[in-house]
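What follows is a set of notes on a single structure, which appears directly below.
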Amino acid sequence: MTGSAPHDWDVDAATAGRLQQRLAAQVRLRDETGGTATVAGVDTGFEADGTVARACIAVFSWPALTPLTRVVGRCPVTFPYIPGYLSFREMPAILEAVDRLAELPDLLLCDGQGIAHPRRLGIASHLGVWLDRPSIGVGKSRLCGRFTPPAPDKGASAPLLDGDERIGTVLRSRTRVRPLFISPGHRVSHAAAVDWVLACTGRYRLPEPIRAADRIASGRAR
DNA sequence: GCGACAG
DNA sequence: ATCTTGTCGC
């Protein structure tokens, strides 16, 4: 469907790191989400004792946010969990799910980081570049970067910094909840990334598309 | 050498 | 991520 080299997943951490550096150079931070008509949530869970990765992509219409379709992809796990290399563990299953989509969503909200990553290629950026699609990283906790806690009110935010470089936004998606770590994945700006997350968030901490994907990926819904 | 560390 | 009951708070 998209992508390129067949086996960029069967590598060791050192090779994966070089691959991340190379792909990070392709990330664009200009907002290109203008004509968005569909927004998808992407999340991965595990089954068979953590032996198999199960990814779900839940697609919604925009701006009505009506559920349109959802697909699931599975793949044997071949890469261990190493902070900073998450995409090499989960992307194979995500791409299996992508293959089951009739058409690519206009915008992808991924569970995990975008450029808020040591080499600026968290899973949201990796997927966005791979599919050449706008993507946003929605992390439930911090991987790297420094920040001052944002005010407790919904919408309050603080920049996530790595030295003097801005790599994301620490965002209070709901009043008095633990903040989310938002960062551009690909073809989205910092500001647009935050706007999209807030626009897709309803009564809960996580945006609806990700919640929907999460319920299925984690195996507690169908 | 000593912490930190997405899911 | 996943293993797990009750429990605290809105």
Side-chain angles (χ1 to χ4, degrees), chain A residues 9 13-14 16-17 19-21 23-24 27 41-58 72-97 108-130 135-147 149 152-154 160-163 167-186 193 197 202-207 209-221:
Chain A
W9 315 110
L19 228 31
Q20 293 179 322
Q21 286 188 47
L23 292 174
V27 170
V42 183
D43 189 38
T44 305
F46 298 86
E47 55 183 44
D49 281 308
T51 302
V52 175
R54 171 180 51 213
C56 176
I57 298 177
V72 172
R74 286 169 227 268
C75 196
V77 173
T78 61
F79 204 89
Y81 170 66
I82 304 174
Y85 300 86
L86 185 65
S87 59
F88 288 84
R89 183 174 166 75
E90 306 188 343
M91 280 257 296
I94 292 174
L95 294 180
E96 271 308 308
L108 303 159
L109 298 188
C110 309
D111 190 88
Q113 315 297 329
I115 62 169
H117 175 280
R119 290 165 294 287
R120 307 293 181 266
L121 196 87
I123 190 164
S125 296
H126 200 159
L127 183 62
V129 167
W130 191 268
S135 64
I136 295 170
V138 180
K140 298 187 292 299
S141 63
R142 182 194 75 97
L143 169 59
C144 65
R146 295 171 31 72
F147 67 95
D153 332 271
K154 173 187 174 85
L160 182 60
L161 310 167
D162 186 356
I167 59 176
T169 302
V170 184
L171 177 70
R172 202 76 74 176
S173 57
R174 296 286 294 159
T175 299
R176 275 186 292 283
V177 297
R178 277 181 303 141
L180 253 26
F181 294 76
I182 310 305
S183 59
H186 184 48
V197 169
R203 180 183 173 185
Y204 304 91
R205 180 166 85 120
L206 292 173
I210 289 188
R211 290 190 73 231
D214 178 59
R215 281 173 332 213
I216 296 170
S218 68
R220 42 193 177 61

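Here is how names work: the chains are called A, B, and so on, in the same order as the sequence lines, proteins then strands, and each is numbered from 1.
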Item checked: Nucleotide dT2(C), atom P - distance to CG of D49(A) in whole Å -> 12 Å
Next item on the list: Could you tell me the separation between the CG atom of L206(A) and the C1' atom of dA6(B), rounded to a whole number of Å?
Entry: 13 Å
Item checked: Separation of Q113(A) CD from I182(A) CD1 (nearest 0.5 Å) -> 8.5 Å
Notebook entry, point to check: When you check the phosphate oxygens OP1 and OP2 of dA6(B), does a side-chain N or O of K140(A) lie under 4.0 Å from one of them?
Noted result: no
Margin query: For dG7(B) and S141(A) - does any side-chain N or O of the residue sit under 4.0 Å from the phosphate oxygens OP1/OP2?
Written below: yes
Next item on the list: Look at the side chain of L86(A) and decide which nucleotide, out of dA1(C), dA4(B), dG7(B), has an atom nearest to it.
Entry: dG7(B)
Next item on the list: Find the distance I210(A):CD1 to dA6(B):C1' and express it as a whole number of Å.
Entry: 12 Å
Checklist line | Value rounded to 0.5 Å, distance of SG in C144(A) from CZ in R119(A) | finding: 9.0 Å
Check: R142(A) side chain N/O closer than 4.0 Å to the phosphate oxygens (OP1, OP2) of dA6(B)?
Finding: no
Next item on the list: Determine whether F46(A) and R89(A) make a side-chain contact, defined as any pair of heavy atoms from C-beta on separated by less than 4.5 Å.
Entry: yes
Checklist line | Student check: side-chain heavy atoms of D153(A) and R172(A) closer than 4.5 Å | finding: no
Next item on the list: Select base, sugar-phosphate, or nothing to describe what Y85(A) touches, counting heavy atoms under 4.0 Å on all strands.
Entry: base
Item checked: Dot-bracket encoding per residue of DNA chain B, Watson-Crick/G-U cut-off under 3.5 Å, | denoting interstrand -> .......
Check: Between R211(A) and D43(A), is there a salt bridge with N-O shorter than 4.0 Å?
Finding: no
Next item on the list: Working to the nearest 0.5 Å, report the span between CG of L109(A) and CG of L206(A).
Entry: 10.5 Å
Next item on the list: Supply the atom-to-atom distance Q20(A) CD to F88(A) CZ, rounded to the nearest 0.5 angstrom.
Entry: 5.0 Å
Notebook entry, point to check: Which one, dA1(C), dA6(B), dG7(B), comes nearest to the side chain of L143(A)?
Noted result: dA6(B)
Next item on the list: Whole angstrom is fine here: how far is it from CD1 in I123(A) over to C1' in dG7(B)?
Entry: 8 Å
Notebook entry, point to check: Do V27(A) and R120(A) come close enough that some side-chain heavy atom pair is under 4.5 Å?
Noted result: no
Margin query: From NE2 of H117(A) over to P of dA4(B), roughly how many Å is that when rounded to an integer?
Written below: 19 Å
Checklist line | Pi stacking test for F181(A) and dA6(B): under 5.5 Å apart, planes under 30° | finding: no
Note to self: Once you apply a heavy-atom cut-off of 4.0 Å, does F46(A) come out as touching a base, just sugar-phosphate, or nothing?
What the structure shows: sugar-phosphate
Next item on the list: Please state how far atom CD1 in I182(A) lies from atom C1' in dA6(B), giving the value in whole angstrom units.
Entry: 12 Å
Margin query: Counting the atoms with a prime plus P, OP1 and OP2 as sugar-phosphate, which does G84(A) contact under 4.0 Å by heavy atoms, base, sugar-phosphate, or nothing?
Written below: base
Identify each atom pair where a protein N or O and an N or O of nucleotides 3-10 of chain C are less than 3.5 Å apart, giving names and distance.
none

Next item on the list: Specify whether F181(A) and F147(A) have parallel, tilted or perpendicular ring planes, treating 30° as the upper limit for parallel and 60° as the lower limit for perpendicular.
Entry: perpendicular
Checklist line | Spacing of F79(A) atom CZ relative to dA6(B) atom P, expressed in whole Å | finding: 15 Å
Checklist line | Atom pair distance, as rounded to whole Å: OH in Y81(A) and P in dA1(C) | finding: 10 Å
Checklist line | Any V42(A) side-chain heavy atom under 4.5 Å of S135(A) side chain | finding: no
Next item on the list: Under 4.0 Å between any heavy atoms, over every strand shown, what does G50(A) touch: base, sugar-phosphate, or nothing? Just pick one.
Entry: nothing
